[in-house]
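Structure first, commentary second.
In what follows, residues are counted from 1 in the order of the sequence shown. Because only heavy atoms are used, hydrogens play no part in the values below, and waters and symmetry mates are left out as well, while side chains stay in.
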Amino acid sequence: MTRAPHQILIIEDEPGIREALRVLLVREGYRAIEAPNAARAQIETRNHKPDLLIVDLGLPDGDGLDLIRRIRTWSSLPIVVLSARTLEEQKIAALDAGADDFVTKPFSAPELLARVRAGLRRGARATAGDAPLAFGAVRVDLAGRRTHGAHGEIHLTPVEYRVLESLARRGGMVVPQRMLLREVWGPDRAQDTRGLRVFINSLRAKIEPDPRRPRYLVTETGIGYRLCPDEVGEDTGAGSDRER
Ligand code: CA
């Protein structure tokens with residue numbers, strides 16, 4: 001792929017971690033910008049219009065959550081939190097504040113890079129419109145509400161399409177259960193996580209090669225779900241049905 005490198009803003013006060021992130025990202029071909037505090041982060045975000053933010057939550061001049069909330073008032077750019085806060089409530093608080101995903105410190109480089117790629121895909125999807133989703137032999141056209149598998153058309157219910165839509169809108173990023181419930185059924189069903197699981201299971205039966213070991217519609221225990229479709233080239237060859 002030959003396009004301008006993605007710009008990533010690293011918001012982190014510890015110089016050692018910032019440097020490690022910068023080296024890691026540059027080695028992957030990204031451009032890295034750095035901010036050691038929340039005030040600088042806001043300036044750099046406005047000046048450079050980065051493609052993605054990596055945000056530490058413990059910053060010297062404020063909490064990263066406040067920074068995320070502030071940025072979310074004017075921008076929908078992908079935000080990955082990198083934090084030592086490991087409790088589920090803390091992760092959910094970050095996602096509620098508007099972060100797209102969460103990586104805990106000490107971080108694994110492959111995991112962080114996977115989250116960065118997912119975030120950038122989410123950002124690209126937000127601007128590129130609805131490309132069909134690919135799950136092995138299954139193709140889902142969200143806009144046209146049509147789904148095909150190796151053996152022809154697959155029927156998805158309107159609610160199942162809405163679940164997929166809500167997950168797909170956030171690329172491969174984790175979507176908290178409550179957020180999914182709110183988006184699909186509205187605020188009064190926000191607690192019905194058991195009901196949600198029923199729909200997730202029925203969707204898996206339709207799109208997963210092995211629904212008991214989901215590959216595409218993945219559970220993040222205690223938090224929510226993420227959708228990880230196959231990567232499809234820009235021009236989706238409709239005739240290139242892969243067998244098995
Ligand atoms: Ca810190």
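Each of Val55, Leu57, Leu21, Ile54 was checked for a side chain to side chain contact (heavy atoms under 4.5 Å, CB included) with Ile11, and the lone residue meeting it is Val55. Checked against Asp100 for a salt bridge (Lys or Arg N to Asp or Glu O under 4.0 Å), the options Arg72, Lys91, Arg169 give a single hit: Arg72.
Residues Glu165 and Val140 fail the side-chain proximity criterion, which asks for heavy atoms closer than 4.5 Å. Ile71 has its side chain within reach of Leu77: a pair of non-hydrogen atoms, C-beta onward, lies under 4.5 Å apart. By the 4.5 Å heavy-atom criterion applied to side chains, Leu65 and Arg85 are counted as neighbours. Under the 4.5 Å side-chain criterion, counting only non-hydrogen atoms from C-beta, Val175 is not in contact with Glu183. Side-chain contact between Asp61 and Arg40 is absent, with no heavy-atom pair separated by less than 4.5 Å.
Smallest separation of non-hydrogen atoms from Pro60 and Asp13: CD-CB, 3.4 Å. Across all their heavy atoms, Pro78 and Gly119 have their closest contact at CG-O, 3.1 Å. Residues Val174 and Glu220 approach most closely at CG2-CG, 3.5 Å, considering heavy atoms.
Heavy-atom neighbours of Gln191 CD from other residues, nucleotides or ligands within 6.0 Å: at or below the threshold of 12. Within 6.0 Å of atom CZ in Arg204, more than 12 heavy atoms from other residues, nucleotides or ligands are found, so the atom counts as buried in its surroundings.
Between the side chain of Thr73 and the backbone N or O of Arg70, at least one donor-acceptor pair lies under 3.5 Å. With hydrogens and angles disregarded, a donor-acceptor distance shorter than 3.5 Å links the side chain of Thr45 to the backbone of Ala41. Checked by atom type and distance alone, the side chain of Arg170 never pairs as donor or acceptor with a backbone atom of Leu167 at under 3.5 Å. Using a distance-only test at 3.5 Å, with no hydrogens or angles considered, no donor-acceptor pair links the side chain of Glu153 to the main chain of Arg146. When atom types are taken as modelled, the side chain of Arg139 and the backbone of Gly136 share a donor-acceptor pair closer than 3.5 angstrom. With hydrogens and angles disregarded, a donor-acceptor distance shorter than 3.5 Å links the side chain of Glu208 to the backbone of Tyr216.
To the nearest 0.5 angstrom, Ile17 atom CD1 is 4.5 Å from Glu12 atom CD. Rounded to the nearest 0.5 angstrom, Phe102 CZ and Ile92 CD1 are separated by 10.5 Å. If you take OG1 on Thr219 and CZ on Arg197, they are separated by 9.0 Å, rounding to the nearest 0.5 Å. Atom CZ of residue Arg162 and atom OG1 of residue Thr157 lie 8.5 Å apart, to the nearest 0.5 angstrom.
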Cut-off 3.5 Å, no hydrogens considered: what does the side-chain donor-acceptor table look like for residues 25-35, sequence neighbours left out?
residue, atom, partner, partner atom, Å
Arg31, NH1, Gln7, OE1, 3.4
Glu34, OE1, Arg18, NE, 3.2
Glu34, OE2, Arg22, NE, 3.4

